Amino acid sequence: MAAIRRSVALLANLLHFKIRSCRRRKACSRGLYLGAGTMLWLVRLSGLCSAAMLMVVLSPSFQSFPPAEAIRSSHYLRTPGGRYHRVAALSDFTDVSGFRRAPSFRNAGDCEVPSANGTSVCDPSLVHIAITLDEEYLRGSIAAVHSVLTHARCPESVFFHFLVSQPGLETVVRSAFPGLRFKAYFFDPDRVRGLISTSVRQALEQPLNYARNYLADILERCVRRVIYLDSDLVVVDDIAKLWRTGLGSRAVGAPEYCHANFTKYFTPRFWSDQRLAAAFAGRRPCYFNTGVMVLDLVRWRRSGYTRQIEQWMEVQKGGEAPGGPGRIYELGSLPPFLLVFAGHVAPIEHRWNQHGLGGDNIKGSCRDLHAGPVSLLHWSGSGKPWVRLDSNRPCPLDHLWAPYDLYGPDVA
């Protein structure tokens, strides 16, 4: 076991060195490829040192452009009503002393020059990304932002939209990424609290987990498309590749998993009620993970998808009420998305959501990756890499998250 621990530590150190060295070489946006041999290593933990060396050779995505300055950040929160309020002092809410400052990042020479109104959220050259910020997952959100900037060819052209339910957290972002282009938006928990039903894991019941349903209402009307990212992931490829994904006539794009048992996401009561099950009539529904999505907000607004999601949540709440006919699902925010969009999703390459690395929703056991190219690692499930690393009980893949962690002293 001691040898295994030393080998895993070697892998983490090698990856960390690779990231730092490639920042000097300006080559970092080609993704990561983990083949079947590497998967076998991750499962059996045998020959770890050799596999680690192979990964370094075959992983140009663990690289970054040289430091650069970011451009802009917001000092205000925008409420759903459209009003802006100044954020309270950081010291009243969150201590940022534990987070290190990330290096700044500069666009490559062939990136599009920002428009004359380059500081505006409406700049058409921007790549828009939405992420939630809360105290429990703040460390993960900071690491996710760091990974996006590390591998983006045009990091100065990325605009982050942070959804928050408590003031002050954006100051942590500003401290870690001075001048980062972003805006923080207040999401009122009362907007959805009455629609949330109990779930298999308490984290899935948090109101902010449902903020993604309201992006079309919260973001500026000029924002026509946005990438939604969960807080428990890292991007190891150029995010612009995902941004350019064509959605055709669809409002949602995501990797689909049609081999999964779709029926398990709903209760027997749902499937036995023909009126409810008819929601999927004429569709070939497939499971997709809502932690990584490309959203066409114009189509979303036009079709009123937010209200459609809310209506299914109302059916669920009515079913679980005393004397009600019963629940139609057991998970949190996922099933309403499936009810509205499954079978009508623009498929995206699986490389953009290697999810499930946090294990299941109960045990959070270690998982391995699927063979093939990887552009995004996602610790969906109950096991989070920062928790397991701090407890000295990490899974092998948690060490791929560690180089993007900005919490605590720099160990390099």
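Being a predicted model, the structure only gives us computed values, none of them experimental.
The shortest distance between side-chain heavy atoms of W243 and L126 does not fall below 4.5 Å. Contact annotation: the side chain of D230 never approaches that of V292 to less than 4.5 Å [non-hydrogen atoms, C-beta and beyond]. Q166 places a side-chain heavy atom less than 4.5 Å from the side chain of E135. Between I196 and P207, some side-chain heavy-atom pair lies under the 4.5 Å cut-off. Looking at D237 and R351, their side chains come closer than 4.5 Å, going by heavy atoms from C-beta outward. Counting heavy atoms from C-beta on, the side chains of L400 and V234 never come closer than 4.5 Å. Side-chain atoms of R139 and D405, non-hydrogen and from C-beta on, do get closer than 4.5 Å to each other. Within the 4.5 Å cutoff, the side chain of Y404 has no heavy atoms near those of the V148 side chain.
Partner of F162 under the ring-ring contact (aromatic ring centres under 6.0 Å, His included) criterion, out of F182, Y185, F186: F182 alone. A ring-ring contact (aromatic ring centres under 6.0 Å, His included) with Y407 is found for one member of F99, W386, W401 and no other, namely F99.
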Stepwise, does the side-chain contact (heavy atoms from CB on, under 4.5 Å) test hold for L163 with L215? CA-CA 9 Å; L163 307 173; L215 284 169; 3.6 Å; yes
Show your working on side-chain contact (heavy atoms from CB on, under 4.5 Å) between Y214 and V192 and close with a plain yes or no. CA-CA 10 Å; Y214 298 91; V192 72; 3.9 Å; yes
Just do the ring-ring contact (aromatic ring centres under 6.0 Å, His included) check on F280 and F266 with the steps written out, would you? CA-CA 12 Å; F280 295 115; F266 302 94; 5.7 Å; yes
Under the side-chain contact (heavy atoms from CB on, under 4.5 Å) criterion, do D110 and R153 qualify, and how do the steps go? CA-CA 9 Å; D110 58 350; R153 187 167 184 78; 3.2 Å; yes
Begin from the C-alpha positions of V121 and H161 and carry the test side-chain contact (heavy atoms from CB on, under 4.5 Å) through to its verdict. CA-CA 9 Å; V121 68; H161 304 263; 3.4 Å; yes
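Of all heavy-atom pairs between I328 and R269, the closest is CG2-NH1, 3.2 Å. Heavy atoms only, all atoms of each residue included: C286 and E256 are closest at CB-OE2, 3.9 Å. Here the shortest heavy-atom pairing between I131 and A144 reads CD1-CB, 4.4 Å. Residues P103 and H146 approach most closely at CD-NE2, 4.2 Å, considering heavy atoms. For C395 against H399, the heavy-atom pair with the smallest separation is O-CD2, 3.8 Å. Of all heavy-atom pairs between R367 and G356, the closest is CG-O, 3.1 Å.
Here R193 contributes atom CZ and D188 contributes atom CG; the two are 8.0 Å apart, rounded to the nearest 0.5 Å. In this structure, OG1 on T267 lies 8.5 Å from CG on L276, to the nearest 0.5 angstrom. How far CG of L233 is from CG of N353: 7.5 Å, rounded to the nearest 0.5 Å. Note that the CG atom of L369 and the CG atom of L357 stand 5.5 Å from one another [nearest 0.5 Å]. In this structure, CD1 on I239 lies 9.0 Å from OG on S375, to the nearest 0.5 angstrom. In this structure, NE2 in H128 is found 7.5 Å from SG in C122, a value given to the nearest 0.5 Å.
Using a 30° and 60° split on the angle between ring planes, W271 and F262 fall in the perpendicular class, above 60°. Aromatic ring orientation, F337 versus F341: tilted (interplanar angle from 30° to 60°). Note: H355 and Y287 have tilted aromatic rings, judged against thresholds of 30 and 60 degrees for the angle between ring planes.
Panel note: side chain Q308, backbone S303; a donor-acceptor pair is recorded below 3.5 Å. The backbone N or O of Y137 lies less than 3.5 Å from a partner atom in the side chain of D134, making a donor-acceptor pair. Between the side chain of R283 and the backbone N or O of A342, at least one donor-acceptor pair lies under 3.5 Å. For S141 (side chain) and T132 (main-chain N/O), a donor-acceptor pair under 3.5 Å exists by modelled atom type.
We find that R250 and D296 are not joined by a salt bridge, their nearest charged nitrogen and carboxylate oxygen being 4.0 Å or further apart. Classification of K317 and E314 as a salt-bridged pair fails, no side-chain N sitting under 4.0 Å from a carboxylate O. A salt bridge between K384 and D232 is present, with a side-chain N of the basic residue lying under 4.0 Å from a carboxylate O of the acidic one.
Residues forming a side chain to side chain donor-acceptor pair (under 3.5 Å) with T306 (at least two apart in sequence, or on another chain): W300.
Judged purely by distance below 3.5 Å, without hydrogens or angles, the side chains of Q316 and S197 pair a donor atom with an acceptor atom. A side-chain donor-acceptor contact under 3.5 Å links D398 and W379.
For F187 and Y210, the ring centers are positioned 6.0 Å apart or more. Aromatic ring centres of Y329 and F270: separated by at least 6.0 Å.
The 12-atom threshold is exceeded at CZ of R301, counting heavy atoms of other residues, nucleotides or ligands nearer than 6.0 Å. For R284, the CZ atom counts as loosely surrounded, since its 6.0 Å shell holds 12 or fewer non-hydrogen atoms of other residues, nucleotides or ligands.
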